[in-house]
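Below is one structure; the comments refer to it alone.
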Protein chains: 2
Amino acid sequence: MRENGTRERIVEAANALFYQQGFEQTSFTHIAEAVGITRGNFYYHFKSKDEILDAVIAFRFGATEAMLERWEQVGGNPEGRLNCFAEILVVNRAKIMGYGCPVGTLCTELTKMNHQSRQEANEIFSLFRVWLRRQFELAGRPGDADDLAMHLLARSQGVATLANAFQDEEFIRKEVETMRDWIKGVCTCLS
Amino acid sequence: MRENGTRERIVEAANALFYQQGFEQTSFTHIAEAVGITRGNFYYHFKSKDEILDAVIAFRFGATEAMLERWEQVGGNPEGRLNCFAEILVVNRAKIMGYGCPVGTLCTELTKMNHQSRQEANEIFSLFRVWLRRQFELAGRPGDADDLAMHLLARSQGVATLANAFQDEEFIRKEVETMRDWIKGVCTCLS
DNA sequence: GTCTATAGTTTGATAGAC
DNA sequence: GTCTATCAAACTATAGAC
């Protein structure tokens with residue numbers, strides 16, 4: 001079950017490198033060097049590069065689920081939970097300015113590659129979408145909860161893309177502030 | 001000046017392929033096949049792949065400048081011109097759903113590669129940013145024109161990313177409608 | 001479970017015939 | 001200006017010793 005931990009170390013290294021350099025740009029050599037094993041040893045744990053990708057996606061999927069559950073409890077009420085989502089841009093600002101959003105950039109790359117695991121990567125987006133939708137429903141907006149969820153998700157993606165391009169930390173803070181105001185307005189007005 | 005047109009055909013083919021497949025994913029073989037020449041003949045026109053990238057970026061820069069000038073005249077007033085910007089998501093919806101935003105996806109990829117032409121690609125973003133900023137200034141918002149420009153640019157990027165991931169045309173239309181409302185509110189309220 | 005050695009492709013790039 | 005032939009390097013992947 002735990003093997004030697006090598007498999008887990010490969011997944012963690014690949015996860016970081018896929019994020020920082022992109023999937024296509026990351027070779028077995030890169031990952032092997034990061035883990036401290038040889039290229040050949042690789043294939044004992046994974047049959048192909050695509051198999052590593054699937055493991056990385058599954059890893060991220062699980063991590064996202066855990067994060068959303070945490071917000072579920074820490075947030076208190078729907079508005080507080082939605083603010084948790086907005087705040088992640090500030091919390092992860094250094095990584096986002098360096099490499100963009102891990103979900104968005106991977107989905108974009110896999111879509112351009114027309115990669116078979118494209119849909120599985122998108123499921124992480126769906127995880128956020130469904131979670132956000134539920135918060136808006138609980139906030140008294142059952143009629144347009146999905147639209148609001150997609151809107152907030154899009155705002156978050158756009159901020160990540162531009163923060164990455166312009167390396168602008170202050171921009172992130174301003175936009176998150178604007179997002180919080182918007183969330184407050186949506187949650188207060190129970191139309 | 002026009003040579004044989006081969007150079008231009010290479011740039012156009014590379015431009016399309018870099019957009020559809022990504023820069024890294026596109027090889028000389030792909031471009032050569034699209035143009036109808038051999039790989040070897042390539043190096044008569046361009047010394048390296050990076051040189052083709054620079055030519056593609058310059059091509060896109062020029063095309064963007066021309067588009068913004070067109071909007072400048074067609075739009076009529078600042079609000080109309082800003083709506084031109086918003087509407088481009090609907091106009092180019094098919095390509096955006098297929099490959100995302102050409103500017104955003106290229107900047108993201110080059111940033112992850114830490115490519116030397118990264119900054120030149122970002123200049124296309126700046127082109128939009130400065131143009132949008134001027135429209136907001138003309139609309140009577142000199143104090144926060146740049147913030148508003150970045151906000152609108154980010155919204156556009158986020159919509160492109162999610163439309164690409166979810167393949168959702170209706171989402172684009174809804175978001176553009178919301179953007180138009182927001183533009184109207186900003187341009188009307190001369191605070 | 002990890003290693004070395006290597007196969008087989010593809011890549012970006014060069015040289016030289018035509 | 002376009003071609004063929006070829007290069008060195010990097011890639012994914014496999015085989016087999018230890």
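Each chain gets a letter, A, B and so on, in the order the sequences are listed, and its residues count up from 1.
Protein atom CZ of F28(B) is 18 Å distant from nucleotide atom C1' of dA5(D), rounded to whole Å. One atom, CZ of F46(B), and another, C1' of dT14(C), lie 18 Å apart when rounded to the nearest Å. In this structure, R7(B) places its CZ atom 17 Å from C1' of dT2(D), rounding to the nearest Å. Look at CD on E24(B): it is 10 Å from C1' on dT11(C), rounded to the nearest Å. Rounded to whole Å, the distance from CZ on R9(B) to P on dG1(D) is 13 Å. The interatomic distance linking H45(B) (NE2) with dA13(C) (P) rounds to 16 Å, in whole Å. Between E8(A) atom CD and dG1(C) atom C1' there is a gap of 14 Å when expressed in whole angstrom units. Distance OH (Y44(A)) to P (dT14(D)): 16 Å, rounded to an integer number of Å.
Between F46(A) and F28(A), the distance from one ring center to the other does not fall under 6.0 angstrom.
Put simply, T6(A) has a side-chain N or O that comes within less than 4.0 Å of OP1 or OP2 on dT2(C). Contact check, T29(A) against dC11(D): a side-chain N or O comes under 4.0 Å of OP1 or OP2.
Listed nucleotides: dA13(C), dT2(D), dT11(C). Nearest to the side chain of H30(B): dT11(C). The side chain of S27(B) approaches dT11(C) more closely than any other nucleotide in the set dT11(C), dT2(C), dC11(D).
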Chi angles and distances behind the side-chain contact (heavy atoms from CB on, under 4.5 Å) call for Q119(B), E123(B)
CA-CA 6 Å; Q119(B) 197 52 48; E123(B) 292 297 329; 3.8 Å; yes
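No side-chain heavy atom of E109(A) sits less than 4.5 Å from a side-chain heavy atom of F18(A). W71(A) places none of its side-chain heavy atoms less than 4.5 Å from the side chain of Q135(A).
Residue pairs meeting the salt bridge (Lys or Arg N to Asp or Glu O under 4.0 Å) criterion with at least one partner in residues 145-162 of chain A, sequence neighbours excluded, are R129(A)-D146(A), R133(A)-D146(A), D147(A)-K174(B).
Listed for the Y19(A) side chain is a donor-acceptor partner under 3.5 Å among the backbone atoms of G100(A).
Listed by chain and number, the residues in a ring pair (Phe, Tyr, Trp, His ring centres under 6.0 Å) with F85(B) are F128(B) (sequence neighbours excluded).
Listed in residue order, the members of residues 31-43 of chain B having a heavy atom less than 4.0 Å from DNA chain C are R39(B), G40(B), Y43(B).
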